Enquirer: 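Here it is, the structure, as structure tokens.
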Amino acid sequence: MSTETAAVAEVTTSPPAGWEEARSRVHAAGLAAALPAVTRPLADIDGHTLAEPLTTRTDLPAFPTSSVDGWAVRGAGPWDVVGRALAGNTPPPLTADGTTVEIATGAMVPQGTTAVLRVEESSRTSDGRVTGTPRPNPEWREPGEEAYAGEELLPAGTPVDPALIGLAASCGHDQLRVRRRPRAALLVFGDELLTAGPPGAGRVRDALGPAVPAWLRRYGCEVRPADVVGPVADTLPAHVAALRGALETADLVCTTGGTMHGPVDHLHPALAALGAEYVVNTVAVRPGFPMLLARVTGADGRVRFVAGLPGNPQSAIVALVSLVAPLLAGLTGRPTPALPHATLAEPVPGRGAYTHLALVRLDRAAGTAHPVRHVGSAMLRGLAGADGFAVIRPGSAGEVGARVPVVPLPLLPGERSW
């Protein structure tokens with residue numbers, strides 16, 4: 001057993017991990033179990049992660065290309081027209097001064113060309129020759145202007161988006177080595193939950209069953225309808241069976257509720273029955289306490305993870321941004337995302353020895369963060385109007401004007417953060 005984990009079968013009395021320490025620990029655990037690299041065609045890699053650096057197979061551009069429609073000329077004019085240079089062809093060289101070929105944007109510039117004259121700045125003489133004054137700067141792109149052959153353009157760990165796919169194609173790639181999207185599952189614990197209609201008669205509506213899969217997809221996971229199960233019966237055998245079934249296909253299984261040690265909280269005993277190890281068992285963060293991340297090594301030797309999210313809805317999302325996000329970054333070979341900063345426009349209280357993740361709305365133009373209302377652990381109203389969580393470190397309070405880190409809420413795949 002590593003010094004970073006403890007067997008789930010053992011009841012731990014150690015204090016909760018610090019928030020930043022917990023994020024570092026789960027990211028390292030993800031990296032150690034990173035998903036295998038696969039080779040896939042460009043059409044199939046959107047949302048994946050580069051497993052190797054992206055390099056160009058040729059100079060970019062690979063040959064001198066005209067940046068305008070016009071005339072490739074040699075020497076001084078007027079010029080006799082001796083042909084055409086169109087995109088997709090290799091034109092013959094210009095060998096004599098006073099000659100020109102009509103050239104299209106993107107076409108290969110003939111060897112011997114001394115200038116390219118824009119078509120709108122040219123004219124024709126009565127005998128059909130071309131006249132005009134070329135601009136002093138070359139009107140073509142030189143080989144290697146964008147990149148040289150073999151140059152690293154993007155490092156391993158870069159998320160694949162449409163821009164990257166287009167760049168890879170321009171570099172001459174037909175396929176790339178990538179890490180696939182992690183497959184995630186969700187188990188909803190709690191017999192008291194309703195899955196349809198309004199709450200009442202002592203039963204509350206399950207808000208996390210519909211929401212958590214959408215959050216996971218925004219973190220780049222694949223979540224299929226069959227991967228969402230629950231409510232799972234409040235018995236230990238039902239919990240063990242549900243976890244074992246989900247772990248057969250998922251890289252990550254998230255659970256909601258049951259992270260305490262109450263009479264119907266069966267998550268810890270179920271993990272013990274599966275031979276799991278804690279990576280993190282509770283984190284000193286408010287809201288969100290308690291949360292956990294455990295790993296389970298299957299009979300095939302492959303490591304899977306279980307993220308125990310609290311049952312209170314906002315606390316569950318805090319667990320997602322605190323533990324699940326850095327774990328997924330590690331599993332896909334990505335670095336832990338650097339947190340942007342914003343200036344607090346209003347005070348935010350501290351939480352003593354705990355990190356406080358305070359929901360905020362961002363004014364991107366001003367670079368300021370504004371706390372929102374309705375932010376209790378069981379509330380989702382504030383979350384629905386927020387952009388992320390301001391990080392108030394232990395032993396401090398967020399004063400007006402303070403620059404603080406912000407954990408952004410995940411965006412749709414391909415969207416770029418502020």
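Quick caveat: nothing in here was measured; it's all calculated off a predicted structure. Excluded from the calculations below are hydrogen atoms, water molecules and symmetry mates; all remaining heavy atoms, backbone and side chain alike, are included.
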Enquirer: Quick one: CG on Leu216 to SG on Cys254, what's the gap to the nearest 0.5 Å?
Expert: 4.5 Å
Enquirer: Heavy atoms only: give me the nearest Leu208-Pro213 pair and the separation to one decimal.
Expert: O-CD, 3.8 Å
Enquirer: Counting only N and O atoms by type, is there a donor-acceptor contact under 3.5 Å from the side chain of Arg217 to the main-chain atoms of Val223?
Expert: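 Yes; at least one donor-acceptor contact below 3.5 Å.
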Enquirer: Out of Leu153, Asp59, Leu167, which one pairs with Glu146 under the side chain to side chain contact (heavy atoms under 4.5 Å, CB included) rule?
Expert: Leu167
Enquirer: What residue pairs, at least two apart or across chains, pass ring-ring contact (aromatic ring centres under 6.0 Å, His included) with a residue in residues 385-409?
Expert: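 For residues 385-409, and leaving out neighbouring residues, there are no ring-ring contact (aromatic ring centres under 6.0 Å, His included) pairs at all.
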Enquirer: When rounded to the nearest 0.5 angstrom, what is the spacing between CG in Leu243 and OG1 in Thr255?
Expert: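 Between atom CG of Leu243 and atom OG1 of Thr255 there are 7.0 Å.
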Enquirer: Among side-chain atoms of Thr343 and Arg403, is any donor-acceptor pair under 3.5 angstrom?
Expert: yes
Enquirer: Is it the case that the side chain of His356 and the backbone of Val391 share a donor-acceptor pair, with hydrogens and angles ignored and the cut-off at 3.5 Å?
Expert: no
Enquirer: Between Val188 and Val229, is there a side-chain heavy-atom distance shorter than 4.5 Å?
Expert: no
Enquirer: On a heavy-atom basis, which atom in Pro143 and which in Tyr148 lie closest, and how many Å separate them?
Expert: O-CE2, 4.3 Å
Enquirer: Is it true that a side-chain atom of Ser24 and a backbone atom of Glu21 form a donor plus acceptor pair closer than 3.5 Å?
Expert: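 Not confirmed, Ser24 side chain does not pair with Glu21 backbone.
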Enquirer: Drop me the distance from Leu309's CG to Phe189's CZ, to the nearest 0.5 angstrom.
Expert: 10.0 Å
Enquirer: Before you tell me yes or no, could you show the steps for Asp69 and Ile103 under side chain to side chain contact (heavy atoms under 4.5 Å, CB included), namely the whole-Å CA-CA distance, both residues' side-chain angles and the distance that decides it to 0.1 Å?
Expert: CA-CA 6 Å; Asp69 292 330; Ile103 193 166; over 6 Å; no
Enquirer: Could you tell me the separation between the OG1 atom of Thr100 and the CZ atom of Arg84, rounded to the nearest 0.5 Å?
Expert: 12.5 Å
Enquirer: Determine yes or no for a side-chain-to-main-chain donor-acceptor pair under 3.5 angstrom, with His268 supplying the side chain and Thr259 the backbone.
Expert: yes
Enquirer: Under the criterion side chain to side chain contact (heavy atoms under 4.5 Å, CB included), I'd like the reasoning laid out for Val73 against Val116: C-alpha separation, chi angles, the key distance, then a yes or no.
Expert: CA-CA 6 Å; Val73 303; Val116 173; over 6 Å; no
Enquirer: Provide the closest heavy-atom pair for Arg25 versus Val279 in the form atom of the first, atom of the second, distance.
Expert: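 Heavy-atom minimum between the residues: CD-O, 2.9 Å.
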Enquirer: Are the side chain of His239 and the backbone of Ala233 linked by a donor-acceptor contact shorter than 3.5 Å?
Expert: yes
Enquirer: For the residue pair Gln111 and Pro64, establish whether any side-chain heavy-atom pair is separated by less than 4.5 Å.
Expert: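 Sidechains of Pro64 and Gln111: no contact.
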Enquirer: Report the C-alpha distance between Thr282 and Leu292 in whole Å, list the side-chain angles of each, state the deciding distance to 0.1 Å, and finish with yes or no for side chain to side chain contact (heavy atoms under 4.5 Å, CB included).
Expert: CA-CA 5 Å; Thr282 71; Leu292 66 86; over 6 Å; no
Enquirer: Testing the basics here: between Ala168 and Leu176, what is the closest heavy-atom pair and its distance to 0.1 Å?
Expert: CB-CD1, 3.8 Å
Enquirer: Should we say atom CZ of Arg302 is surrounded by more than 12 heavy atoms from elsewhere, each under 6.0 Å from it?
Expert: yes
Enquirer: Rounded at 0.5 Å granularity, tell me how far OG in Ser66 sits from CZ in Arg141.
Expert: 11.0 Å
Enquirer: Give a yes or no on whether the backbone of Leu247 and the side-chain of Arg304 come within a donor-acceptor separation of less than 3.5 Å.
Expert: yes
Enquirer: Looking just at side-chain N and O atoms, do Thr131 and Ser123 make a donor-acceptor pair shorter than 3.5 Å?
Expert: yes
Enquirer: Can you confirm whether Leu50 sits close enough to Val160 that some side-chain heavy atom of one is under 4.5 Å from a side-chain heavy atom of the other?
Expert: yes
Enquirer: Is any side-chain heavy atom of Pro41 closer than 4.5 Å to a side-chain heavy atom of Asp174?
Expert: no
Enquirer: Taking Ser67 for its side chain and Glu139 for its backbone only, find out whether a donor-acceptor pair lies under 3.5 Å.
Expert: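 Indeed, once roles are kept as given, a pair shorter than 3.5 Å links the two residues.
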Enquirer: Which pair of non-hydrogen atoms, one from Pro290 and one from Met260, has the smallest distance, and what is that distance?
Expert: CG-SD, 3.2 Å
Enquirer: Taking atom CG of Asp387 and atom NE2 of His370, what is their separation to the nearest 0.5 Å?
Expert: 10.5 Å
Enquirer: Has the side chain of Glu121 got a donor or acceptor atom that lies under 3.5 Å from a matching backbone atom of Arg118?
Expert: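 Such a contact is absent between Glu121 side chain and Arg118 backbone.
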Enquirer: Are more than 12 heavy atoms, taken from residues, nucleotides or ligands other than Glu399, located less than 6.0 Å from that residue's CD atom?
Expert: no
Enquirer: Salt bridge (Lys or Arg N to Asp or Glu O under 4.0 Å) with Arg224: which residues, sequence neighbours excluded?
Expert: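 Counting only residues at least two positions away or on another chain, Arg224 forms a salt bridge (Lys or Arg N to Asp or Glu O under 4.0 Å) with Glu222.
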Enquirer: Would a 4.5 Å heavy-atom cut-off, applied to side chains only, mark Leu164 and Leu154 as touching?
Expert: yes
Enquirer: Hey, is Asp46 close enough to Arg40 for a salt bridge, meaning N to O under 4.0 Å?
Expert: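 Salt bridge between Asp46 and Arg40, a charged N being under 4.0 Å from a carboxylate O: no.
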Enquirer: Distance alone, cut at 3.5 Å: any donor-acceptor contact between the side chains of Ser122 and Trp71?
Expert: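 Yes, side-chain donor-acceptor contact under 3.5 Å.
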Enquirer: So, for Leu117 and Trp79, which heavy atoms are closest and what is the spacing to 0.1 Å?
Expert: CD2-CZ3, 4.1 Å
Enquirer: Any sub-3.5 Å donor-acceptor pair from His266's side-chain atoms to Asp234's backbone N or O?
Expert: yes
Enquirer: Taking distance alone, no hydrogens or angles, what donor-acceptor pairs closer than 3.5 Å link side-chain atoms of residues 312-328 to residues at least two apart or in another chain?
Expert:
{"from": "Gln314", "atom 1": "NE2", "to": "Val375", "atom 2": "O", "distance (Å)": "2.7"}
{"from": "Gln314", "atom 1": "NE2", "to": "Gly376", "atom 2": "O", "distance (Å)": "2.9"}
{"from": "Ser315", "atom 1": "OG", "to": "Gly288", "atom 2": "N", "distance (Å)": "3.3"}
{"from": "Ser315", "atom 1": "OG", "to": "Ser377", "atom 2": "OG", "distance (Å)": "3.4"}
{"from": "Ser322", "atom 1": "OG", "to": "Trp19", "atom 2": "NE1", "distance (Å)": "2.8"}
{"from": "Ser322", "atom 1": "OG", "to": "Val318", "atom 2": "O", "distance (Å)": "2.7"}

Enquirer: Going by atom types alone, do Arg179 and Thr49 pair a side-chain donor with an acceptor below 3.5 Å?
Expert: no
Enquirer: Between Leu339 and Arg23, does the side chain to side chain contact (heavy atoms under 4.5 Å, CB included) criterion hold? Intermediate values first, please.
Expert: CA-CA 12 Å; Leu339 298 182; Arg23 284 170 59 82; 4.0 Å; yes
Enquirer: Please answer whether the main-chain N or O of Arg351 pairs with a side-chain N or O of Arg286 as donor and acceptor at a distance below 3.5 Å.
Expert: no
